[in-house]
Every structure is written in C-alpha cells, then in structure tokens.
S.K.: 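My questions all concern the structure below.
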Amino acid sequence: MTVAAASAASVTGAASVVQSVDWLAIAPPVITASVALIVLVADLFLPQQRKPLLGGLAIAGLGAALLLLIPLHKSTRSTFCLTTNPEACSYTVDRFTLVLQFLVLGGALLTALLSVTEPTGSKEKLPAGEFWFLLLSSAAGAALLPASRDLATLVVALEVASLPAFALVGLKRGDRLSSEAALKFFLSSVTATAVMLLGVSFVYAATGTLHLTEIANRLADVPYQLDTVAQTGVALTLVGFAFKTAAVPFHFWVPDTYVGAPLPVAAYLSVVGKAVGFSGLILVTVIAFPAYADVWGPALAVVAALTMTIGNVGALRQSATRAYSAIRLLAWSSVGQAGYLLVPIAAAGYSSDAQVGATVAYALMYAVVNLGAFAVAALVARTRPLNRIADYRGLYAERPFAALVLGFFLLCLAGLPPGIIGLFAKVTVFSAAVDAGLGWLAVVMAFNVVIALYYYLRWTAVLFRAPEEAEAAPEAALAEVASSEGAAEGPGTGVVGVLTTRPVRLAVPAPLTLAIALTALAAVALSVMPQIALHFASISLF
C-alpha cells in the first residue's frame, strides 16, 4: 500500500467515527449550563450591592432555553448516534422530550421568580452566586435527562440534576433544619444511586451495550445463563429513579427535606425533581426493558398502590397547629400524587397499548398547581414563618386573590370542579389502569382520591373562615418557635407572625406576584381547555 493510499484510508477511518452535532437539538440544556457558568464567574467580580443582577441573568437564561424549544417541535431530531447504527443515539428530541423539557425549565423559571425576593426581616440571605449557579446546574441536568437515550447519559443527567439539589437544600447557613434535611437527602440519594449503578453494570454485562434501543433488542434474546443477571440489573436500575419520584419505600426523605429547604427549593424538588425521576423511569421501562415487563410491571403496580396510600394517609394526619404543617401536607401530598403518576407506567407492563403519556399529562397539571400552591405558601411565610395550616385562616379577608388562587389549586389537586384539569387528569390515569386490566389498582386509586378530598377541602375551608382577633400566641406555640433553631433564622422571621395570629400586611414583591399569577392563569387555561394537557396523553415512545 502506498503512503497516499494509507493516508486516504486513515482519513476515511477517522471520518467514520466522527459524529456531527445537532447544536439546535442540544441548545436548551447547553444554554442553561452556559448561563450557570457565567453566573459563577460573574459572582466573583460583582460587588455585593450588584448581586441581584445574577437573578435577572438566571431568569433570562432560563427564558432563552424555553424559547429554544419552539423551533424543535416540528420534527424528531437525534444526535450523538453510533456510526455503525444510526438508529442508536444518545440524545433524541421528540414530543416526550419537549414536554418534559418545557416542564422542568418552566418549573425552574418559576422557582427563580420565587427566589429573587428576600422577605423583610431575614437575618441571613441565601448566597446569590452559589444559589443561582446550583439552580441552573440542576435545571441543565433535568433538561438533559428526558432526551437521554443511553444509560450512561441517563445516570450523568440524573446526578447533574441531583448533586446541586443537595447543596440547595442545605444552603440556609446556620439553620439546623436545613443542614439535617440536606444530610438525609444526600445520604439516601447516594445509596439509591449506588444501587442503580450496580444495576446498570449488570444490564451492561448481560447485553454488552448502554443504548436503550439496543438493550431492548438484546434483552429479548438474552442467554439463559445471564437471565438472572439481567433481571437483577433491571430491578436495581429502577431503584434510583424510584427514589427521585419519592415512591414508597424511598419516600422517607421528603417531609423533612421540604421543611428544611428554602421554600423555592422545596417547590423545585416537588415538581422538577419528580419530572426527572418519572422521565427516567419511563425511558428505562418502556424503551429499554419491555422484555422484562413481567418483572417491573407488577412491582410498579404494588409500589403505586403503597405510594398513594401512605402519602395520602401521611397528609391526612397533619395537625393544623403543628409548625410547618402546610409544607408537610404538601410534601405528603406530593408522595400521594407520585402514586397516581406511577399508575400508567405500571399499566404499560401489562398492556403494550397502555399510554404512558397519561403520566406526562398528569405531571403537567401537577406541576402547574403544585408550584402555585408553593408560591402562595411563600407569600404567607413572609409574615407567618411557621407556615401552619392554621395560619391560613382568614386569608381571604386579608388577601382575597391569594386565597382564591390557593383554593383553586387545592381543588385541582383534589380533582373537584372548578379544577376541571385535575378531574380529567385523574380520569385519564384511572382509565389507564382499567384498560390494562388492573381493576384492583383502580379501586385503590379511587379510595385514595376520597382520602385526599378530605384534607384538601379541610385546608380550603380554612382559607375562608373568619379571621381570629390578634392576640398573644399560646405559650406552647412560643416554646415551639424557640425550640426550632431554623425558624429563628429562616426567611421572614421576626416578632410579626410569631407573637400575633394576624400579622401586619406587607407589600408583595412583583416577582412573587408574577409567579402566582402565571400559575393561576395556566391552571385556569388548563381547566377551561383540558385538551391542552390531555393531548399529551397519547404520546408514544415508539
């Protein structure tokens, strides 16, 4: 072979492994990550009085990432594909990806709006540079995960979304509750990740590939001697994603984490964290592991039943006068809602015709109304830092708009008119169970819906009761405040709201008002035109 021929052969061989990059397809997570790095560097040079600019930069970056989703809706796009098999790609943008990316980036944007205002009386503000960098980094990982189509990218995206979240939870310096919540969240998540990585290694050992479509093909014809390894790998891989969805028995971190975290971070975890877990769970079960549906289908059905029951019973047991009972109720409620979201995925294990898109449609409804509920909770926390359900009594007399909006959000979560979208979303999930032959799971779901009706309506009724006269708080309540180290240094703490039951009315910052208004408008639009969300129930990953 001549030197020229050898050189030409070398160039041809090099070209065969070079992959073109579709920059438009990967633009949303790349833009989010790039803005995170810009914020981190800018924080080094900006003086303290100019730090609020970082919040504006973060919001602009998230808004730009959302806008870049628009040109992607026209067709399915894939990149980072194998040169030997162009259908095996690591990154794919389809309807499923776009809806989940819209959900996580929109959730991060609303979280940013909740975070740009610090309540008066806060003794220690959150460090601006670190907060915005961590939030944007987590959002970038969350936006990457729905587009991931191989196990390595899925794991990396999951950890990029999770690791900054640990720091966000513990970012309230000197707050015992925040530090304890971050430690519990971190230790339990690391354990789940270790188990999931062991499962991924077993799947790779049984199939010799990490691409989801290739795994599906090879698991259908796995050698007999590797069948046990494959089954174990499938089961262990699901653990990490089940943890992120707060499914039982991986739910124990939720109440304490939501209470200890800053309220915007708790809102972020309740929506974006769940979207990350459920999108990953759908991808690995429906695309990669259909050959083992007889393994994960029954397991997820049982987990769904346990999750919705334990979550709703936990929410039902919350005392109205307990410190942070409103946040704890939302935390336990999110566990119960996770059970509903698991139902269509479990149904897919029993019937190939089951539409896992019902989970996506329900998640869209849940994201809007749950973020709205946390936004109103952030408003109330400005003057009532303990955020008890009892603190919402007479909210209609004090802030009519906030009370009406929160009542509407709670009715949506309960599935009662005028929260039509909540009712239709539950019917869609219920139908998925019935169509798959899971009648017993549909009965369990109906039972849990009745339980949820009680505690959602009980909280709604409190909003419209006559307010109590301002009076000194009971000694027990004062002792509870004194014993809570986090309460004394949390946002909005002061004499107002601790010594009286009807604190002085404070002006509401424009970003917080905008966040409440946006979620309210979205919830009303979805209830007037539920087909907007239910349209995504027909999403197919094949």
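Remember, it's a predicted structure, so these values are computed and weren't measured experimentally. Count residues from 1 along the sequence.
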S.K.: Can you establish whether the number of heavy atoms outside Phe186 located under 6.0 Å from its atom CZ is more than 12?
M.R.: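 No.
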S.K.: By side chain to side chain donor-acceptor pair (under 3.5 Å), which residues pair with Tyr258, not counting sequence neighbours?
M.R.: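 If we apply the side chain to side chain donor-acceptor pair (under 3.5 Å) test to Tyr258, skipping adjacent residues, there are no hits.
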S.K.: Do Lys244 and Ser189 have side chains that approach each other closer than 4.5 Å (heavy atoms only, starting at C-beta)?
M.R.: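 Answer yes - side chains close enough.
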S.K.: Answer yes or no: does atom OH of Tyr91 have more than 12 heavy-atom neighbours from other residues, nucleotides or ligands under 6.0 Å?
M.R.: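 For Tyr91, atom OH is crowded (more than 12 foreign heavy atoms under 6.0 Å).
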S.K.: Between Thr97 (side chain only) and Thr92 (backbone N and O only), is there a donor and an acceptor less than 3.5 Å apart?
M.R.: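 Yes, the answer is positive, given that a donor and an acceptor are paired below the 3.5 Å cut-off.
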S.K.: Calculate, to the nearest 0.5 Å, the distance between atoms CG and CZ belonging to Leu463 and Arg393 respectively.
M.R.: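 It comes to 12.0 Å.
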S.K.: Which atom pairs, one a donor and one an acceptor, fall under 3.5 Å between side chains of residues 228-236 and the rest of the protein, sequence neighbours left out?
M.R.:
unit_1: Gln231; atom_1: NE2; unit_2: Asp227; atom_2: OD2; d: 3.0
unit_1: Thr232; atom_1: OG1; unit_2: Thr228; atom_2: O; d: 2.8

S.K.: So, does Thr309 use its side chain to make a donor-acceptor pair with the main chain of Leu306 at under 3.5 Å?
M.R.: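 Here the side-chain-to-backbone pair does not exist.
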S.K.: Not counting sequence neighbours, which residues clear ring-ring contact (aromatic ring centres under 6.0 Å, His included) with Phe243? List them please.
M.R.: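 Checked Phe243 against ring-ring contact (aromatic ring centres under 6.0 Å, His included); matches are Trp253.
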S.K.: Run the salt bridge (Lys or Arg N to Asp or Glu O under 4.0 Å) test against Lys184 and tell me which residues pass, sequence neighbours left out.
M.R.: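 Lys184 satisfies salt bridge (Lys or Arg N to Asp or Glu O under 4.0 Å) with Glu180, Asp256 only.
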S.K.: How about Pro344 and Tyr362: do any of their side-chain heavy atoms sit closer than 4.5 Å?
M.R.: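 No. Closest side-chain heavy atoms not under 4.5 Å.
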S.K.: Give every residue pair that meets the ring pair (Phe, Tyr, Trp, His ring centres under 6.0 Å) criterion with at least one member in residues 421-461, sequence neighbours excluded.
M.R.: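 Residue pairs with at least one partner in residues 421-461: Tyr392-Trp459.
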S.K.: Test of understanding: with side chain to side chain donor-acceptor pair (under 3.5 Å), list the residues that count as partners of Asp150, not counting sequence neighbours.
M.R.: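 For Asp150 the side chain to side chain donor-acceptor pair (under 3.5 Å) partners, ignoring immediate neighbours, are Ser90, Thr153.
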S.K.: In terms of side-chain heavy atoms, does Tyr268 have a donor or acceptor partner in Ser138 at a distance below 3.5 Å?
M.R.: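 Ser138 and Tyr268 do have a side-chain donor-acceptor pair below 3.5 Å.
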S.K.: Does Tyr204 OH have over 12 foreign heavy atoms under 6.0 Å away?
M.R.: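 No, OH of Tyr204 has 12 or fewer neighbouring heavy atoms, counting only those of other groups under 6.0 Å.
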